[in-house]
Amino acid sequence: LRVIAVAFHHLTPKQALKALKNASNEKSPICIFEYTRNSVLALITSIFYPIFNFLISPFVRPYSFKIFIFSNIIPIMPLMVSFDGFISNLRTYSKNELLQMVKKIKNKDYQWEIFHQKVPLHPTLMTTLIGQPIFRVCL
């Protein structure tokens, strides 16, 4: 089983298609989970990451003076997280783009499922792609 969790958006379209084709050719199941999403709501949400970071930083363990300084006094970490989240949301493949990729893979013995699912305590949906071989029983 191959699992790509919140990292598929780092692949170029050519690399992403190659990874999906390889799983299909090797008859290996693949699960891709993208918490980021290329939507207006996700982009707006990423702007608020520094506020969320400020609220949760006191609970990060082990807590250190460096974490306090770079999270609250000089907000380098919150701004980096916000920037990374914003760019990741822009790069995330949509459900439609994923459908177009899997349509290019011609393998009758492999099936694909792409769907969105609710993420607890978050306003956006997670995109999930599952690819798996079809096992045929011959009697």
Side-chain angles (χ1 to χ4, degrees):
L1 171 64
R2 301 171 188 196
V3 177
I4 302 175
V6 197
F8 199 66
H9 63 272
H10 290 284
L11 302 178
T12 65
K14 188 176 180 178
Q15 292 169 328
L17 181 60
K18 188 175 179 179
L20 296 174
K21 278 183 179 178
N22 184 267
S24 171
N25 292 340
E26 296 294 322
K27 294 180 178 50
S28 178
I30 186 168
C31 297
I32 296 168
F33 304 100
E34 282 290 355
Y35 178 71
T36 56
R37 190 144 180 240
N38 192 347
S39 71
V40 174
L41 183 58
L43 294 172
I44 291 170
T45 301
S46 66
I47 293 169
F48 293 102
Y49 288 171
I51 295 167
F52 302 142
N53 191 87
F54 178 76
L55 294 173
I56 65 167
S57 67
F59 304 103
V60 173
R61 297 290 179 252
Y63 196 75
S64 72
F65 190 66
K66 286 181 188 177
I67 290 174
F68 176 76
I69 294 293
F70 293 116
S71 290
N72 301 316
I73 308 300
I74 307 168
I76 291 173
M77 288 191 315
L79 293 174
M80 285 174 42
V81 168
S82 185
F83 177 78
D84 180 63
F86 192 83
I87 298 302
S88 292
N89 283 325
L90 287 175
R91 290 191 49 137
T92 300
Y93 296 105
S94 69
K95 186 177 176 182
N96 214 20
E97 289 170 318
L98 293 172
L99 283 169
Q100 294 306 314
M101 275 187 213
V102 298
K103 283 182 182 178
K104 294 178 183 177
I105 301 169
K106 308 293 184 205
N107 186 341
K108 291 181 256 171
D109 296 324
Y110 206 84
Q111 63 186 5
W112 301 97
E113 185 179 0
I114 303 168
F115 56 92
H116 296 299
Q117 58 192 49
K118 181 77 176 109
V119 176
L121 304 174
H122 199 277
T124 62
L125 300 171
M126 179 168 60
T127 304
T128 302
L129 181 149
I130 298 173
Q132 58 188 338
I134 299 170
F135 295 104
R136 302 187 194 287
V137 178
C138 299
L139 298 176

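We count residues from 1, following the sequence as given.
- The other residues sharing a hydrophobic cluster with L43 are F83, F86, I87, L90, where clustering joins ILVMFWY side chains under 4.5 Å apart.
- Cluster annotation: Y35 and V3 are assigned to the same hydrophobic cluster (Ile/Leu/Val/Met/Phe/Trp/Tyr, side-chain heavy-atom contacts under 4.5 Å, transitive).
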Go through the steps for T92 and T36 under the test side chain to side chain donor-acceptor pair (under 3.5 Å), then give the verdict.
-> CA-CA 6 Å; T92 300; T36 56; 2.5 Å; yes
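- Under a 3.5 Å cut-off, the side chain of R91 and the backbone N or O of H9 do form a donor-acceptor pair.
- No donor-acceptor pair under 3.5 Å is formed between the side chain of S82 and the backbone N or O of P78.
- S28 and R2 get closest at one heavy-atom pair: OG-NE, 3.3 Å.
- No continuous path of ILVMFWY side-chain contacts below 4.5 Å connects F59 to F52, so the two sit in separate hydrophobic clusters.
- Linking Ile, Leu, Val, Met, Phe, Trp and Tyr residues whenever their side-chain heavy atoms come within less than 4.5 Å leaves V6 and V81 in two separate clusters.
- Within 6.0 Å of NZ on K118 lie more than 12 heavy atoms contributed by other residues, nucleotides or ligands.
- No option in H116, E97, E34 other than H116 meets the side chain to side chain donor-acceptor pair (under 3.5 Å) test with T127.
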Taking it one step at a time, do K18 and N22 satisfy side chain to side chain contact (heavy atoms under 4.5 Å, CB included)?
-> CA-CA 6 Å; K18 188 175 179 179; N22 184 267; 5.6 Å; no
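- A distance of 8.0 Å separates NZ in K21 from NZ in K104, rounded to the nearest 0.5 Å.
- For the ring pair (Phe, Tyr, Trp, His ring centres under 6.0 Å) test, no residue two or more places apart in sequence or in another chain qualifies with Y49.
- Listed by chain and number, the residues in a side chain to side chain contact (heavy atoms under 4.5 Å, CB included) with M126 are F33, Q117, V119, T128 (sequence neighbours excluded).
- The distance from atom CG of L125 to atom CZ of R37, rounded to the nearest 0.5 Å, is 5.0 Å.
- When hydrophobic residues (I, L, V, M, F, W, Y) are linked wherever their side-chain heavy atoms come within less than 4.5 Å, L41 remains an isolated member.
- Using a 4.5 Å heavy-atom cutoff, the side chains of L1 and P29 are in contact.
- Apart from F115 itself, the hydrophobic cluster it occupies contains I130, where clustering links Ile, Leu, Val, Met, Phe, Trp and Tyr at side-chain heavy-atom distances under 4.5 Å.
- Across A42 and N89, no two heavy atoms sit closer than the pair O-ND2, 3.1 Å.
- Rounding to the nearest 0.5 angstrom, the gap separating the NZ atom in K108 from the OG atom in S24 is 12.5 Å.
- Contact check for F48 versus I44: side-chain heavy atoms found under the 4.5 Å cut-off.
- Under the 4.5 Å side-chain heavy-atom criterion for Ile, Leu, Val, Met, Phe, Trp and Tyr, I74 and F65 are members of the same hydrophobic cluster.
- By the 4.5 Å side-chain criterion applied to Ile, Leu, Val, Met, Phe, Trp and Tyr, L129 is assigned to a cluster that also includes I4, F8, L11, L17, L20, I30, I32, Y93, L98, L99, M101, V102, I105, Y110, W112, I114.
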